[in-house]
Each structure stands twice: as C-alpha cells, then as structure tokens.
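Notes follow once the structure below has been shown.
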Amino acid sequence: EAKKAGRGEQLIFNDAMNAATKDGLVIDGALRGAIEANEFYLVYQAITNSHTGKLTKVEALLRWNSSLLGPVSPDRFIPVAEDSGMIIPLGTWVLDQACRQMAHWKQSVLDDVTISINVSAWQLAAPDFVALVSQALIRNGLSPHQLELELTERVLIEDAANVQAVLAQLRALGVGISLDDFGTGYSSLSYLTQFHLNTLKIDRAFVMDIEHSERSNNLVHAIIAMGHSLGLQLVAEGVETAGQAAILEKMGCHYLQGYHISRPISPDELLRFADDRAGRAPAPYSDYAI
Ligand code: C2E
Ligand code: MG
Ligand code: MG
Ligand code: MG
C-alpha cells in the first residue's frame, strides 16, 4: 500500500515523522537541567469515597513549566524522560516532593489520606528502588500505608520476575500498589493475582461512555465484580458527570476520581477541598460495603 501512496502523502508522512523526532529531541534537550532550574512542580487530584464523598487518596501529577518551551504535558515529556533515563532522577524528585507535601498535610487535617505516585518501569527496575522508597518515608515521617504507587500494565510485562519481587518487598513494607489505566493495556487477567496489587484504577476510556453505551456499562460492571471477588479496591478514573458518579457508586466502585470531583489542584486548594468534604453527610443510598 505504501508504494501506491502518492508523492505528496509520502512527504507528509515523512514530515510528520521528522516532526515527532525533532519534538522528542527538543524536549530531551530542554529536560536537561530542568530539575535544578526548578521547572517542575506537582499538582494533586482528589480521590473520594463514592459513598460518603470524603477525601481518601490524593494522586500527585507532575507538571513541567519549561523556560524554553512553556508548559509541556506529561504525556509528551514522560516518554522522552523514559528514553533518556532522566525518569530516574525525575521520579526520585517526585517521590520526595510528594512525601514532603504529605508530611506537611499530616500536620493539618489530612492524616488519614493516602498519597498516590505514578511510577515508571525504569524506576522499579533500578536496584535501589525499595531503599529509595523506604528512605523517603522515614525522612518525612510517613508510615508506609500512607503511600501508594501507581503502575501501568506495561510495567508488569517488561521484567515480570524482577517486578514481582520488588512489588512483594514494597507490599511487605506496607506500601500500596495500584494498577493504573486498567483495561487499556495488554496484560492477561492472571496478572491480577500474580502481582501484589491492592487497587485497580478503571481507565477513563470505559468510564466515559458508561451512561450511554451498554457495552461500556457492562464492561465496567464486570471489572468491578471481578475486583470485588479478588479483594481489590476499585477507583474509577475520569469521572466527569454526576450521572457517571451515581452509576459507579451503585455498581460498588469504592472510589471516584475525575473533573466532576475535582481537577488536579495546588496543595492549598486541596486542603480547602478536604475541609469542604470532611463535614459532608453520607449519600442516602448504598448497597455495598468496602
Ligand atoms: P494517569 O496517572 O492515568 O493520570 C490521570 C490523568 O488523567 C491526568 O493527566 C489527569 O489530569 C487526567 N484526568 C483526571 N481526571 C480527568 C477527567 O475527569 N477527565 C479527563 N479528560 N482527564 C482527567 P496528566 O496529569 O496530564 O497525566 C497524564 C499521565 O502522565 C498520567 O496518567 C501518568 O501516566 C503520567 N504521569 C503524570 N505524572 C507522572 C509522574 O510523576 N511520574 C510518571 N512516571 N508518570 C506521570
Ligand atoms: Mg496515575
Ligand atoms: Mg490512569
Ligand atoms: Mg494515564
């Protein structure tokens, strides 16, 4: 088919490829020195109990305001940082920063909240990862059950044996392990029991259509039922409407995350959000227990 493509199309294709490569190189260059230049910061997104509305977990999300490129989204710079190895120091920075923020929050009201951090395959594969995590906890006076690491299905596939051992050590410490973007990857269901997970995050792609597509609705229902039977906590990602929240609560999804609950916000804004939710009365109806 490629041969049949006209000269014009071929050129456009090549230009697009060049643009993508160039984009990566430009980002790669701009990433160098960005930690030292304080160009990164974290924003925090609330994860609430679907029944009571109370704040339960907070996901830390990385932001980069490049002096050269302006704001760059993590979907663009994380893959580049993974390719260059920069994700190792960057991931360590995120871990430390998030733990410090959590330690600060603990002194105010958020002492029964868990902080969730996204972790790349490369970080898990580093020989000192478990030590790094436990040092960050100790340094900041946090207990391990206050930290949860979010992994994608890709992480589980890449170096299965080693990953399994690392996750076992982390779980033994008391750190939570959450499987992010569940349903979009390539993993087999056997991963759910093989690895030491305690939370499944149902990907936004399924939650999005839950009100209007019977297929998505059935799929989410099945994921939740499976999660319950495996004793996993369930978080729905990308909850954008009250209708979705109501359906998910009724299906027995324990926790909700998405713009309907809150956008990713600053630490101060998150404190206000938590205050707001602390006094909230339980929802009138629920037919499940966590
Ligand atoms: P993720 O971990 O699945 O995070 C959820 C993403 O969905 C975030 O995008 C969040 O802002 C967005 N989101 C949350 N609620 C809604 C909603 O209701 N609707 C829509 N449309 N989007 C919603 P963000 O912050 O751009 O991050 C994208 C991805 O980049 C993350 O996906 C995660 O895989 C990665 N990432 C972010 N921070 C880090 C980090 O510190 N380390 C690593 N390794 N990856 C990170
Ligand atoms: Mg995540
Ligand atoms: Mg996700
Ligand atoms: Mg994602």
Side-chain angles (χ1 to χ4, degrees), residues 42-61 74-75 105 109-110 112-118 148 150 152-153 176 178-185 192 197-290:
L42 296 178
V43 288
Y44 298 88
Q45 192 175 26
I47 301 174
T48 53
N49 181 307
S50 67
H51 178 49
T52 64
K54 199 167 172 270
L55 183 67
T56 313
K57 313 182 196 220
V58 176
E59 179 173 4
L61 293 161
D75 283 328
W105 277 333
V109 285
L110 305 188
D112 54 356
V113 168
T114 304
I115 183 97
S116 301
I117 297 170
N118 294 284
E148 194 167 273
E150 297 194 1
T152 60
E153 293 169 87
S178 177
L179 187 55
D180 208 347
D181 304 342
F182 181 70
T184 59
L192 293 180
L197 308 169
N198 40 15
T199 303
L200 277 191
K201 298 189 75 173
I202 306 166
D203 194 75
R204 178 160 64 89
F206 307 115
V207 172
M208 205 159 60
D209 297 329
I210 198 176
E211 287 170 287
H212 308 293
S213 149
E214 201 184 331
R215 197 174 161 274
S216 287
N217 193 288
N218 288 339
L219 201 60
V220 170
H221 207 149
I223 294 173
I224 291 171
M226 182 184 64
H228 281 183
S229 69
L230 294 172
L232 295 166
Q233 297 182 357
L234 293 148
V235 177
E237 300 192 86
V239 180
E240 292 189 352
T241 70
Q244 292 165 351
I247 292 170
L248 289 159
E249 199 255 357
K250 236 181 139 178
M251 283 182 177
C253 184
H254 307 123
Y255 305 112
L256 307 178
Q257 176 178 17
Y259 297 167
H260 173 67
I261 320 291
S262 169
R263 299 232 164 205
I265 51 183
S266 74
D268 283 349
E269 288 172 311
L270 192 93
L271 268 186
R272 278 198 291 279
F273 176 92
D275 267 354
D276 245 32
R277 291 300 177 109
R280 175 173 288 215
Y285 168 80
S286 174
D287 56 358
Y288 71 94
I290 290 176

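One is the number of the first residue; the rest follow in order along the sequence.
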Test side-chain contact (heavy atoms from CB on, under 4.5 Å) on Lys57 and Thr48 and set out the steps. CA-CA 7 Å; Lys57 313 182 196 220; Thr48 53; over 6 Å; no
In sequence, state the C-alpha distance, the side-chain angles, and the governing distance for Leu200 and Leu192, and then conclude on side-chain contact (heavy atoms from CB on, under 4.5 Å). CA-CA 9 Å; Leu200 277 191; Leu192 293 180; 3.6 Å; yes
Going through the checks in order, is the side-chain contact (heavy atoms from CB on, under 4.5 Å) test met by Met208 and Val239? CA-CA 7 Å; Met208 205 159 60; Val239 180; over 6 Å; no
Val207 and Leu248: side-chain contact (heavy atoms from CB on, under 4.5 Å), yes or no, with the steps? CA-CA 9 Å; Val207 172; Leu248 289 159; 4.1 Å; yes
Lys54 and Asp276: salt bridge (charged side-chain N to carboxylate O under 4.0 Å, His left out), yes or no, with the steps? CA-CA 9 Å; Lys54 199 167 172 270; Asp276 245 32; over 6 Å; no
Report the C-alpha separation of Lys201 and Glu59 in whole Å, then their side-chain angles, then the decisive distance to 0.1 Å, and conclude whether the salt bridge (charged side-chain N to carboxylate O under 4.0 Å, His left out) test is met. CA-CA 12 Å; Lys201 298 189 75 173; Glu59 179 173 4; 2.9 Å; yes
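Between Pro267 and Tyr44, the shortest heavy-atom distance links the atoms CG-CE1, 3.8 Å. Residues Asn118 and Ala60 come closest through the heavy atom pair ND2-O, 3.5 Å. Counting all heavy atoms, side chain and backbone alike, Ser178 lies closest to Glu148 at CB-OE2, 3.6 Å. Contact between Gln45 and Ser262 at its shortest, heavy atoms only, is NE2-O, 3.0 Å. Of all non-hydrogen atoms in Tyr255 and Asn49, the two that sit nearest each other are CD2-CA, 3.8 Å. Residues Leu55 and Ala274 come closest through the heavy atom pair CD2-CB, 3.6 Å.
Taking the side-chain contact (heavy atoms from CB on, under 4.5 Å) definition, one finds that Asp209 meets it with Ser213, Ser216, sequence neighbours left out. Qualifying side-chain contact (heavy atoms from CB on, under 4.5 Å) partners for Ile247, counting only residues two or more places apart in sequence or in other chains: Ile210, Glu211, Asn217, Met251. The side chain to side chain donor-acceptor pair (under 3.5 Å) search around Gln244 returns none, not counting sequence neighbours. Applying the side chain to side chain donor-acceptor pair (under 3.5 Å) criterion to Glu240, with sequence neighbours excluded, gives no partner residue. A search for side chain to side chain donor-acceptor pair (under 3.5 Å) contacts involving Thr184 returns nothing, not counting sequence neighbours.
A donor-acceptor contact shorter than 3.5 Å links the side chain of His254 to the backbone of Leu234. Distance alone, capped at 3.5 Å, places no donor-acceptor pair between the Arg204 side chain and the Glu237 backbone. The closest donor-acceptor contact from the side chain of His228 to the backbone of Gly252 lies under 3.5 Å.
No side-chain heavy atom of Thr114 sits less than 4.5 Å from a side-chain heavy atom of Val58. Residues Val220 and Phe206 form a side-chain contact, since some pair of their non-hydrogen atoms from C-beta on lies under 4.5 Å apart.
Of the candidates Ile224, Leu179, Leu197, Leu232 forms a side chain to side chain contact (heavy atoms under 4.5 Å, CB included) with just one, namely Leu197.
Here the CD1-CG distance, from Ile265 to Leu61, works out to 11.5 Å after rounding to the nearest 0.5 Å. The CD atom of Gln233 lies 10.5 Å from the SG atom of Cys253; values are rounded to the nearest 0.5 Å.
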